[in-house]
Q: 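I have a structure I would like to understand better, so I am pasting it below and will then ask my questions one at a time.
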Amino acid sequence: MAEKFDNLEEHLEKFIENIRQLGIIVSDFQPSSQTGLNQKLNFMISGLQDIEKCRQQLHEINVPLEVFEYIDQGKNPQLYTKECLERALARNEQVKGKIDTMMKFKSLLISELTKVFPEEMSKYKAIHGEDGPS
């Protein structure tokens with residue numbers, strides 16, 4: 001997969017360089033530079049065709065719209081990944097805290113129920129094990 005991206009990147013860099021050179025030719029156009037202009041236009045067309053071929057190889061890639069919003073705001077798109085990971089880690093910590101709290105509650109509940117209902121809880125523990133169902 002990486003070689004597909006490398007190939008696309010290479011074609012895009014060539015295309016950008018060709019456009020830059022085309023801009024130089026056009027900004028200082030002389031009738032004698034018509035041949036060079038035509039050549040650059042043909043390179044631009046073939047560059048677009050090469051990029052289109054690369055696009056077809058990468059059609060299964062989905063990019064979240066938020067990444068484009070980051071780019072539009074002038075932010076590094078890798079910040080999106082970083083922030084997603086940070087949100088996932090924070091959410092993971094919240095869920096872990098809830099699980100830990102529920103496990104403590106379960107343990108305390110079983111302990112208190114054992115004090116109040118010792119016979120019933122011994123039957124319960126015999127069926128479900130010492131800590132009850134998971």
Side-chain angles (χ1 to χ4, degrees):
M1 182 62 83
E3 63 274 354
K4 291 179 182 179
F5 288 114
D6 291 341
N7 191 22
L8 176 61
E9 185 177 359
E10 180 182 329
H11 285 299
L12 285 171
E13 287 173 355
K14 286 180 184 177
F15 183 75
I16 290 168
E17 177 60 22
N18 190 47
I19 293 294
R20 187 188 68 77
Q21 292 174 3
L22 186 63
I24 292 170
I25 293 171
V26 169
S27 68
D28 189 29
F29 184 74
Q30 303 291 325
S32 60
S33 61
Q34 182 66 48
T35 306
L37 176 65
N38 292 343
Q39 183 182 26
K40 289 296 176 188
L41 288 171
N42 288 329
F43 284 151
M44 188 179 79
I45 292 167
S46 66
L48 287 171
Q49 291 169 339
D50 292 339
I51 292 169
E52 175 65 18
K53 289 175 191 171
C54 292
R55 185 191 68 82
Q56 292 170 356
Q57 294 173 351
L58 299 170
H59 73 279
E60 72 277 356
I61 305 297
N62 293 317
V63 178
L65 291 177
E66 292 87 0
V67 173
F68 294 110
E69 291 173 10
Y70 271 64
I71 293 169
D72 288 343
Q73 295 169 2
K75 296 180 182 177
N76 184 337
Q78 291 179 344
L79 287 176
Y80 173 78
T81 304
K82 178 185 175 202
E83 290 174 6
C84 281
L85 287 174
E86 288 171 350
R87 284 193 304 268
L89 286 172
R91 182 70 180 136
N92 186 36
E93 288 297 316
Q94 289 176 340
V95 171
K96 184 182 180 304
K98 289 179 181 180
I99 290 171
D100 290 345
T101 302
M102 293 302 290
M103 294 301 286
K104 288 176 186 175
F105 173 74
K106 176 184 167 187
S107 176
L108 182 61
L109 181 63
I110 288 174
S111 172
E112 292 298 317
L113 286 172
T114 301
K115 291 177 189 174
V116 177
F117 304 107
E119 292 178 26
E120 289 82 0
M121 287 307 292
S122 63
K123 292 177 187 176
Y124 174 83
K125 289 178 182 178
I127 294 171
H128 295 288
E130 190 64 27
D131 292 331
S134 298

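Hydrogens, waters and symmetry mates are skipped; everything else that's a heavy atom, side chains included, is used. Numbers here are sequence positions counted from 1. Predicted model, so just to flag it, every value in this text is computed and none were measured.
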Q: Side chains of K14 and D50: does their closest heavy-atom pair fall under 4.5 Å?
A: no
Q: Is I71 reachable from L8 through a run of I, L, V, M, F, W or Y residues, each pair having side-chain heavy atoms under 4.5 Å apart?
A: yes
Q: Taking side chain to side chain contact (heavy atoms under 4.5 Å, CB included) as the test, write out the residues that go with I127, two or more places apart.
A: none
Q: In Å, rounded to the nearest 0.5 Å, how long is the span from OG1 of T81 to CD of E86?
A: 11.0 Å
Q: Any donor-acceptor pair under 3.5 Å linking the side chain of S107 with the backbone of M103?
A: no
Q: Quick one: does N7's side chain get under 4.5 Å of E3's, heavy atoms only?
A: no
Q: Assess whether atom CD of Q78 is packed by more than 12 heavy atoms of other residues, nucleotides or ligands within 6.0 Å.
A: no
Q: Same hydrophobic cluster for I24 and I16, using side-chain heavy-atom links shorter than 4.5 Å among ILVMFWY?
A: no
Q: Nearest 0.5 Å please: distance from the CG atom of L109 over to the OG1 atom of T114.
A: 9.0 Å
Q: With rounding to the nearest 0.5 Å, note down the distance linking CG in L12 to CD1 in I51.
A: 4.5 Å
Q: Is there side-chain contact between Y124 and L113, with heavy atoms separated by less than 4.5 Å?
A: no
Q: Which salt bridge (Lys or Arg N to Asp or Glu O under 4.0 Å) pairs, counting each pair once, include a residue from residues 111-123, with sequence neighbours left out?
A: E112-K115
Q: Drop me the distance from M44's CE to Q49's CD, to the nearest 0.5 angstrom.
A: 11.0 Å
Q: What are the two closest heavy atoms between Q57 and K4, and how far apart are they?
A: O-NZ, 3.7 Å
Q: Let me confirm one number: the CE-NE2 distance from M121 to H128, rounded to the nearest 0.5 Å.
A: 9.0 Å
Q: How would you list all residue pairs meeting ring-ring contact (aromatic ring centres under 6.0 Å, His included) that involve residues 60-112, not counting sequence neighbours?
A: Y70-Y80
Q: For atom CG of L65, decide whether the heavy atoms of other residues, nucleotides or ligands shown that lie under 6.0 angstrom number more than 12.
A: no
Q: Given the rule in the side chain to side chain contact (heavy atoms under 4.5 Å, CB included) test, do N76 and K82 qualify, once you have shown the distances and angles that lead to the verdict?
A: CA-CA 10 Å; N76 184 337; K82 178 185 175 202; over 6 Å; no
Q: Kindly check if the number of other-residue, nucleotide or ligand heavy atoms within 6.0 Å of CZ (F117) is above 12?
A: no
Q: Report whether I25 and L48 are members of the same hydrophobic cluster (ILVMFWY, side-chain heavy atoms less than 4.5 Å apart, transitive linking).
A: yes
Q: Identify whether the distance between the nearest side-chain nitrogen and carboxylate oxygen of K96 and D100 falls below 4.0 Å.
A: yes
Q: What verdict does the side chain to side chain donor-acceptor pair (under 3.5 Å) test give for E69 and Q73, after you've listed the backbone C-alpha separation in whole Å, the side-chain angles of each residue and the deciding distance to 0.1 Å?
A: CA-CA 6 Å; E69 291 173 10; Q73 295 169 2; 5.2 Å; no
Q: Does L85 belong to the same Ile/Leu/Val/Met/Phe/Trp/Tyr cluster as V67, with side-chain heavy atoms less than 4.5 Å apart forming each link?
A: no
Q: Carefully, step by step, assess V95 and R91 under the rule side chain to side chain contact (heavy atoms under 4.5 Å, CB included).
A: CA-CA 6 Å; V95 171; R91 182 70 180 136; 4.0 Å; yes
Q: Quick check on the hydrophobic clustering: are F15 and I45 connected, directly or via other members, by side-chain heavy-atom contacts under 4.5 Å?
A: no
Q: Atom OG in S33, atom CG in N38: separation rounded to 0.5 Å?
A: 9.5 Å
